[in-house]
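What follows is a short report on a single structure.
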Amino acid sequence: MELTQLALTLASATTLALAMVAPTIAVAAPVKNVVLVHGAFADGAGWRGVYDELTKRGYHVQIVQNPLTSLEDDVNATNRVLDLQSGPTILVGHSWGGTVITEAGVHPKVSGLVYVSALAPDAGETTAQQYEGFAPTPEFVLEIGEDGFGFVKPDMFKQGFAHDVSDEQAAFLRDSQVPINMSVFSTKLKNAAWRSKPSWAVIATEDKAFDQAMLVHMAERIGAKITKVSGSHALFITRAQEIADTIDDAAKTLAAM
């Protein structure tokens, strides 16, 4: 064998040997999909500001329209949208939507969870249990019909749900309410996605629908990275930029893991 050919053969063998022993470097997939889940007494249209903020940053965003008829129905609606995603996804829930994402977040495409002044039960718990031991919310008053569906009391809607929006917008939100089947609050969860998925929480410090200590307790229990913002329960409308910032931070953090 000629000297030059021998050198090339040795070099190739060395390269192959090094490749065999070199550590594999895992490159995380970028998270560019976001699914937004609304809560009770509202619909997905309230997410428009968050949607606009995220799409400007290059995210693919879709919004679930919950029927609010049962936990199973809302989880099924969320899973249908998750099935459409092309890759890793951030799942975001507001208020009752937090219970929904806790159950639905075990979906294989979900990489992380963002709770927006949202409920976060554990598996085997009901949503109603999350209120136990915390202060009542006298400005957030519900009216429950004979069929078991509840609305926010109209003359208490602005002060209890959305005191930081204009009178005109509060009136529209009040008059376009989507009632929720109150039995959902006594349904036990089968899964708690936050036990296996990283979580973030945005908490409105002027939320009248939940005791502030309750929101903080839930967020701390799930190990969420917490961001507090000044705002009402309607922060999904009024604090769109801060919520989008948190989702953006979650996506970038997950991509770096």
Side-chain angles (χ1 to χ4, degrees), residues 34-57 59 61-69 74 77-78 81 92-101 114-119 131 135-145 147-182 184-185 201-212 214-215 227-248:
V34 179
V35 171
L36 305 172
V37 182
H38 67 81
F41 320 113
D43 66 16
W47 287 117
R48 181 59 190 268
V50 175
Y51 174 93
D52 288 344
E53 285 284 341
L54 290 172
T55 53
K56 283 190 295 186
R57 304 182 197 194
Y59 288 94
V61 185
Q62 285 191 263
I63 299 168
V64 176
Q65 294 289 5
N66 282 326
L68 302 180
T69 46
D74 288 357
T78 301
V81 177
V92 184
H94 169 251
S95 192
W96 158 253
T99 294
V100 179
I101 70 169
V114 176
Y115 290 81
V116 179
S117 271
L119 294 151
Y131 296 81
T137 52
E139 294 175 272
F140 189 76
V141 181
L142 303 183
E143 292 183 335
I144 302 170
D147 63 355
F149 280 77
F151 291 89
V152 179
K153 190 175 181 182
D155 61 0
M156 300 286 285
F157 186 90
K158 182 171 183 178
Q159 66 197 80
F161 192 98
H163 66 77
D164 52 353
V165 305
S166 68
D167 288 344
E168 292 78 11
Q169 189 173 17
F172 179 79
L173 292 169
R174 176 197 68 208
D175 295 336
S176 62
Q177 286 189 67
V178 184
I180 189 168
N181 186 340
M182 298 300 293
V184 302
F185 294 95
V202 184
I203 294 175
T205 58
E206 299 160 30
D207 197 320
K208 304 298 184 183
F210 299 120
D211 177 25
Q212 192 69 197
M214 173 184 167
L215 287 170
T227 299
K228 293 186 178 183
V229 298
S230 176
S232 72
H233 192 61
L235 76 163
F236 66 108
I237 297 172
T238 60
R239 305 311 298 258
Q241 182 171 333
E242 290 90 338
I243 293 170
D245 287 344
T246 296
I247 296 168
D248 189 41

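- Listed for the D164 side chain is no donor-acceptor partner under 3.5 Å among the backbone atoms of G231.
- In summary, K56 and D52 do not engage in a salt bridge, as defined by a charged side-chain N under 4.0 Å from a carboxylate O.
- The six-membered or imidazole ring of F185 lies near that of W96, with a centre-to-centre distance under 6.0 Å.
- Here the side chains of Y131 and D211 are not in contact, with every heavy-atom distance at 4.5 Å or above.
- The shortest distance between side-chain heavy atoms of V61 and L36 falls below 4.5 Å.
- Looking at heavy atoms from C-beta onward, W47 lies in side-chain contact with H38 at the 4.5 angstrom threshold.
- In this structure, the side chains of F236 and S95 stay at 4.5 Å or more apart for every pair of heavy atoms.
- With contacts defined as side-chain heavy-atom distances shorter than 4.5 Å, the pair M182/I180 qualifies.
- A ring-centre distance under 6.0 Å is found for H94 and H233.
- Residues forming a ring pair (Phe, Tyr, Trp, His ring centres under 6.0 Å) with F157 (at least two apart in sequence, or on another chain): F161.
- In summary, of the residues considered (T99, V114, N66), a side chain to side chain contact (heavy atoms under 4.5 Å, CB included) with V37 occurs for N66 alone.
- Side-chain contact check for I203 versus Y115: every heavy-atom pair is 4.5 Å or farther apart.
- Between D245 and R239 no salt bridge is recorded (no basic side-chain N to carboxylate O distance below 4.0 Å).
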